[in-house]
Amino acid sequence: MKHSELILVLDFGSQYTQLIARRVRELGVYSEIHPFNISPDKIRDLEPDGIILSGGPSSVYEQGAPKSSPQVLELGIPVLGICYGLQVIAEQLGGKVDPFARREFGKATLRVDKNDGLLEGLDGSTQVWMSHGDSLSQMPMGFEPIAHTDNAPICAIRNVAKKIFGVQFHPEVAHTPQGKIILSNFLFRICGLKGDWTPEHFIQKSIEEIRTKVGSSKVLCALSGGVDSSVLAVLLHQAIGDQLHCIHINNGLMRKGESEQVVETFRQNYRFELTYVDATDIFLARLEGVTDPEKKRRIIGNTFIEVFETEAKKITGAGGAFEYLAQGTLYPDVIESTSFKGPSVTIKTHHNVGGLPEKMNFKLLEPFRELFKDEVREVGRKLGLPEPFIERHPFPGPGLAVRILGDITKEKLDLLRNADHIFIDEIKRFGLYNDIWQAFVALLPVRSVGVMGDGRTYEYTVALRAVTSVDGMTADWARVPSDFLATVSNRITNELRGINRVVYDISSKPPATIEWE
């Protein structure tokens with residue numbers, strides 16, 4: 001999709017890079033993340049209105065430190081460097097960066113020296129969040145300092161003529177309370193933008209682009225019943241009407257009663273064609289004995305497409321064959337399935353991004369490929385979807401296959417399905433569902449000794465996972481009440497034969513991922 005306003009965020013490896021892009025979007029401007037070494041020619045092709053250089057863990061004076069092309073600063077496009085991004089600007093334009101005698105991590109008080117332009121509207125002194133071990137000891141020619149802290153005499157700089165700015169702190173994080181003012185000043189005062197990135201604008205543009213791209217062709221939509229595919233189906237129906245046909249595939253890896261609920265809800269409330277396919281036996285046969293999580297994802301992706309192609313041939317009518325397969329792929333899926341930093345590795349392959357076969361008989365249609373999860377929720381609200389659909393917790397495409405560590409069997413699936421149902425049921429009963437971004441149970445390949453009554457047991461262990469997040473790129477474990485955990489544990493071990501131990505996962509992301517596989 002071509003955007004009327006665009007900010008590029010160049011990623012130098014900061015844990016906050018995705019947060020920068022999100023903050024810019026929250027201010028009504030579309031933003032994209034690109035690797036730090038994107039070529040100047042590619043930047044020109046994208047025609048951005050501004051560029052933000054992210055922070056990062058490196059030191060600019062070290063050999064092999066990541067650096068963008070110096071030409072990025074000569075394109076005439078406004079640039080804002082954040083933390084390491086500031087140091088890249090300084091080093092490339094003749095300034096000097098040195099190890100800091102007193103490193104700064106955490107809260108600091110920023111003293112504003114020039115309260116116009118980038119820092120307009122800020123208090124004379126304001127709290128900011130620092131995370132750096134190096135500092136700018138000498139400014140580049142043509143720059144002036146505009147703020148300082150007690151420990152950093154040069155904490156923000158600018159070259160008004162070149163529209164290049166830098167800050168040593170992180171305006172994108174919540175610990176910098178006035179950070180949004182700084183980003184807003186960069187977008188609207190310096191880049192001259194209006195801020196037209198809204199759910200309504202996205203819907204209008206998407207409908208136009210879908211109609212143009214699809215023409216009179218027929219589209220299949222993979223309707224899982226989750227937030228993304230549900231919103232996608234309604235958007236597609238608005239765009240192309242009867243050219244849309246939805247298929248719900250029960251791969252045997254769904255949550256308890258989920259397939260039946262999805263089919264019933266959509267057939268009752270929406271008028272598009274919906275075919276239900278029970279492909280449980282096919283998926284489980286191909287996953288038999290497979291333990292590697294990436295192999296699981298590839299098998300599921302390949303089988304998914306194969307079943308779709310088979311079913312498409314069955315339901316093709318006078319209108320001709322289906323040309324497009326629509327999926328609810330999101331921006332975090334794309335980021336996590338793609339190496340953004342050159343030598344870094346893929347975190348995991350998403351079945352609807354890297355898990356698809358190279359050759360298939362469909363063209364992909366992915367209108368949400370640029371959106372974060374909460375943006376899809378807002379689009380869904382504007383499209384009028386019921387709130388229970390909008391607020392559903394995310395569910396991975398490979399389903400319970402990546403929540404059973406080790407090989408997959410029908411016995412394990414039934415056990416996990418029931419344990420997960422108890423967990424979610426109690427989350428709702430305790431009124432916690434909307435405070436948690438995602439919750440599930442993972443079945444571990446661990447059996448341990450227990451005792452029930454007077455008998456010895458040797459059964460499975462399950463891990464409860466509940467996290468808080470905005471978009472899934474980062475997450476923290478949910479601080480749920482201890483009596484809630486006790487209730488869940490008692491129900492699982494008492495009601496399900498085969499599980500005698502329940503643990504609660506208190507890992508954040510990073511360093512862990514939300515899913516266990």
Side-chain angles (χ1 to χ4, degrees), residues 15-16 18-19 22-23 25-26 129 172-175 177 180 199 224-231 254-258 261-262 265 328 330-333 336 368 371-382 385-396 399-400 402-403 416-442 462-492 502-516:
Q15 61 179 315
Y16 303 131
Q18 290 82 19
L19 192 54
R22 288 204 34 73
R23 292 289 183 260
R25 292 186 182 198
E26 287 170 7
W129 185 259
E172 70 274 22
V173 302
H175 298 299
K180 249 187 174 178
S224 69
V227 176
D228 310 326
S229 66
S230 298
V231 177
M254 306 292 285
R255 289 171 288 199
K256 188 172 182 177
E258 187 164 31
Q261 180 189 6
V262 168
T265 300
L330 302 185
Y331 198 31
D333 298 338
E336 287 198 339
F368 298 159
L371 299 188
F372 290 98
K373 173 73 74 173
D374 60 316
E375 291 174 323
V376 174
R377 294 189 199 276
E378 287 305 312
V379 169
R381 288 190 177 96
K382 297 300 179 183
L385 268 78
E387 199 63 22
F389 270 103
I390 299 299
E391 291 299 332
R392 288 194 72 186
H393 288 179
F395 187 62
L400 300 182
V402 291
R403 294 178 178 175
L416 177 57
R417 236 188 296 272
N418 287 317
D420 189 77
H421 180 72
I422 290 171
F423 188 33
I424 300 302
D425 183 54
E426 290 299 329
I427 285 175
K428 291 177 178 177
R429 194 172 70 83
F430 273 76
L432 301 172
Y433 192 82
N434 289 339
D435 296 326
I436 294 172
W437 195 78
Q438 187 173 8
F440 60 89
V441 178
V462 294
L464 310 180
R465 179 75 155 144
V467 300
T468 57
S469 182
V470 174
D471 51 39
M473 296 306 301
T474 59
D476 196 11
W477 60 279
R479 271 63 169 178
V480 294
S482 57
D483 58 337
F484 160 76
L485 291 175
T487 299
V488 174
S489 178
N490 286 338
R491 281 197 61 188
I492 288 176
V502 178
V503 299
Y504 187 55
D505 183 349
I506 59 169
S507 308
S508 61
K509 175 186 179 180
T513 55
I514 295 176
E515 298 287 345
W516 278 53

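None of these values were measured; they are calculated from a predicted model. Sequence positions, counted from 1, serve as the residue numbers for this chain.
- Side-chain contact between R255 and H421: absent, with no pair of heavy atoms (C-beta onward) separated by less than 4.5 Å.
- At a threshold of 4.5 Å between non-hydrogen side-chain atoms, the residues D435 and T468 do not count as touching.
- Within the 3.5 Å criterion, the main-chain N or O of E515 finds no donor-acceptor partner in the side chain of R403.
- Ring planes of Y433 and H393: parallel class, angle under 30° (limits at 30 and 60°).
- In this structure, the side chains of V262 and M254 stay at 4.5 Å or more apart for every pair of heavy atoms.
- With sequence neighbours excluded, the residues satisfying side-chain contact (heavy atoms from CB on, under 4.5 Å) with P510 are T474.
- R417 places no side-chain N or O within 3.5 Å of a backbone atom of L400 that could act as its donor or acceptor partner.
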- [ ] Could you walk me through whether K373 and D228 pass side chain to side chain contact (heavy atoms under 4.5 Å, CB included), step by step?
- [x] CA-CA 8 Å; K373 173 73 74 173; D228 310 326; 2.9 Å; yes
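- Side-chain contact between V488 and Y504 is absent, with no heavy-atom pair separated by less than 4.5 Å.
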Task: Worked verdict on F423 versus V462 for side chain to side chain contact (heavy atoms under 4.5 Å, CB included) - done: CA-CA 11 Å; F423 188 33; V462 294; over 6 Å; no
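- For the atom pair R392 CZ and R377 CZ, the distance stands at 10.5 Å (nearest 0.5 Å).
- Taking every heavy atom of both residues into account, A463 and W516 meet most closely at CB-CZ2, 3.6 Å.
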Task: Working for side chain to side chain contact (heavy atoms under 4.5 Å, CB included), residues F430 and T487 - done: CA-CA 10 Å; F430 273 76; T487 299; 3.9 Å; yes
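- We find that E26 and R22 are joined by a salt bridge, their nearest charged nitrogen and carboxylate oxygen being less than 4.0 Å apart.
- Judged by distance alone, the side chain of R465 and the main-chain N or O of F440 form no donor-acceptor pair under 3.5 Å.
- Listed by chain and number, the residues in a salt bridge (charged side-chain N to carboxylate O under 4.0 Å, His left out) with D420 amount to none (sequence neighbours excluded).
- Under the rule for a salt bridge (charged side-chain N to carboxylate O under 4.0 Å, His left out), the partners of R25 that lie at least two apart in sequence or sit in another chain are E375.
- For Q438 (side chain) and P394 (main-chain N/O), a donor-acceptor pair under 3.5 Å exists by modelled atom type.
- Taking the side chain as every heavy atom from C-beta outward, V480 and L464 never approach each other to under 4.5 Å.
- Here E391 pairs with R381 under the side-chain hydrogen bond (donor to acceptor under 3.5 Å, both in side chains) rule; sequence neighbours left out.
- Applying the side-chain hydrogen bond (donor to acceptor under 3.5 Å, both in side chains) criterion to T265, with sequence neighbours excluded, gives no partner residue.
- Remark: the backbone N or O of S224 is paired with a side-chain donor or acceptor of S229 at under 3.5 angstrom.
- Between I514 atom CD1 and D505 atom CG the span is 10.5 Å, to the nearest 0.5 Å.
- Taking the salt bridge (charged side-chain N to carboxylate O under 4.0 Å, His left out) definition, one finds that D476 meets it with R479, sequence neighbours left out.
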